[in-house]
Amino acid sequence: ECHHDFQAYHCPEDGLTFNPHPIHTCESRLCPFCAHTRSVKWLHRNLSRLYCYLDERKVDPCLATLTFFDGQLKGLSYYQAIKYCQKTFATFRKKSEEWKMTVDSAVWSYEVTWSEKHQQFHPHIHALLLRRRGSFIDVKKMGEEWLQAGGGMSFNLKRIKSVEKGILEVIKYATKP
């Protein structure tokens, strides 16, 4: 059984206890515990690169969530919903004037959930936007441009205080089952 038994280390000399870690992991793509572990490992491998990039490019991170209208993708298969999501987001990035003026680069992932209420797949996008320092993202305008590109009801933008938490928020969708 994955993540049932843990091992922790305690140093009697200085009294420090190291974080417990699981003795056994299943490494399954479908295991939420192992998915979290993959996210944390990715973060540790790439965090120093991310900080260098932020400093060199003079950018500040923020989190964006882009959604679609309920019922907008009714009748589409999982594959078709993902393709629509990818195509719409690519069109948005290409045509959005607000994106071009304010976003230096971004990391994103797609999440697809099933809506029992609407009997359809509900894809949405989670993105870490690296905003040019000194620029201001007009959320209302970017939301309108998202709608014009074929997106839906919501373009949500949040400031983040911790780069680590921001990148974990995005990559958890790429590493979860």
**Item:** Distance-minimising heavy-atom pair for Thr88 and Gly151
**Value:** CG2-N, 3.4 Å
**Item:** Test salt bridge (Lys or Arg N to Asp or Glu O under 4.0 Å) applied to Arg132 - qualifying residues, sequence neighbours left out
**Value:** none
**Prompt:** What pairs with His122 under ring-ring contact (aromatic ring centres under 6.0 Å, His included), at least two apart in sequence or on another chain?
**Reply:** His124
**Shortest non-hydrogen separation from Leu63 to Gly166 and the atoms involved** = CD2-O, 3.6 Å
**Prompt:** How close do Val103 and Ile137 get, heavy atom to heavy atom, and via which atoms?
**Reply:** CG2-CD1, 4.4 Å
**Asked** With a 4.5 Å limit on heavy-atom distance, are the side chains of Phe68 and Pro123 in contact?
**Response** yes
**Request:** Show your working on side chain to side chain contact (heavy atoms under 4.5 Å, CB included) between Ser105 and Val59 and close with a plain yes or no.
**Result:** CA-CA 9 Å; Ser105 51; Val59 293; 5.6 Å; no
**Asked** To the nearest 0.5 Å, what is the distance between CD (Glu98) and OG (Ser135)?
**Response** 8.5 Å
**Asked** Do the non-hydrogen side-chain atoms of Leu47 and Arg49 ever get within less than 4.5 Å of each other?
**Response** no
**Request:** Show the numbers, then the answer: is there a side chain to side chain contact (heavy atoms under 4.5 Å, CB included) between Asn46 and Tyr51?
**Result:** CA-CA 9 Å; Asn46 294 291; Tyr51 277 122; over 6 Å; no
**Message:** Applying side-chain hydrogen bond (donor to acceptor under 3.5 Å, both in side chains) to Glu169 and His126, what does each step give before you reach the verdict?
**Reply:** CA-CA 8 Å; Glu169 180 66 24; His126 300 277; 4.9 Å; no
**Item:** Test side chain to side chain contact (heavy atoms under 4.5 Å, CB included) applied to Lys83 and Leu76, step by step
**Value:** CA-CA 10 Å; Lys83 284 297 179 191; Leu76 296 183; over 6 Å; no
**Request:** Mind checking ring-ring contact (aromatic ring centres under 6.0 Å, His included) for Tyr78 and listing every partner two or more places apart, or none if nothing turns up?
**Result:** Phe121
**Message:** Please determine whether side chain to side chain contact (heavy atoms under 4.5 Å, CB included) holds for the pair Asp60 and Leu130, giving the CA-CA distance in whole Å, both sets of side-chain angles, and the decisive distance to 0.1 Å.
**Reply:** CA-CA 5 Å; Asp60 294 315; Leu130 301 177; over 6 Å; no
**Request:** Measure the CZ-OG1 distance between Arg133 and Thr102 for me, rounded to the nearest 0.5 Å.
**Result:** 15.0 Å
**Gap between atom CG of Leu50 and atom CZ of Arg45 - 0.5 Å precision** = 14.0 Å
**Residues that Glu116 engages under side chain to side chain contact (heavy atoms under 4.5 Å, CB included), provided they are two or more places apart** = Trp114, Gln119
**Request:** Using the side-chain hydrogen bond (donor to acceptor under 3.5 Å, both in side chains) rule, collect all pairs that involve residues 136-160, keeping only residues at least two apart or in two chains.
**Result:** Ser96-Glu145
**Message:** Do Met101 and Phe89 land in one hydrophobic cluster if side-chain heavy atoms of ILVMFWY residues count as linked below 4.5 Å?
**Reply:** no
**Request:** Could you check whether the rings of Phe92 and Phe155 sit parallel, tilted or perpendicular, using 30° and 60° as the cut-offs?
**Result:** tilted
**Request:** Enter the distance from Leu157:CG to Thr65:OG1 here, rounded to the nearest 0.5 Å.
**Result:** 9.0 Å
**Prompt:** When rounded to the nearest 0.5 angstrom, what distance separates CD in Gln72 from SG in Cys85?
**Reply:** 10.0 Å
**Asked** In Å, rounded to the nearest 0.5 Å, how long is the span from CZ of Arg93 to NZ of Lys95?
**Response** 13.5 Å
**Exercise: identify the closest heavy-atom pair between Val170 and Ala127** = CG2-C, 3.7 Å
**Request:** Go through the structure and list residues passing salt bridge (Lys or Arg N to Asp or Glu O under 4.0 Å) with Arg57, not counting sequence neighbours.
**Result:** Asp104
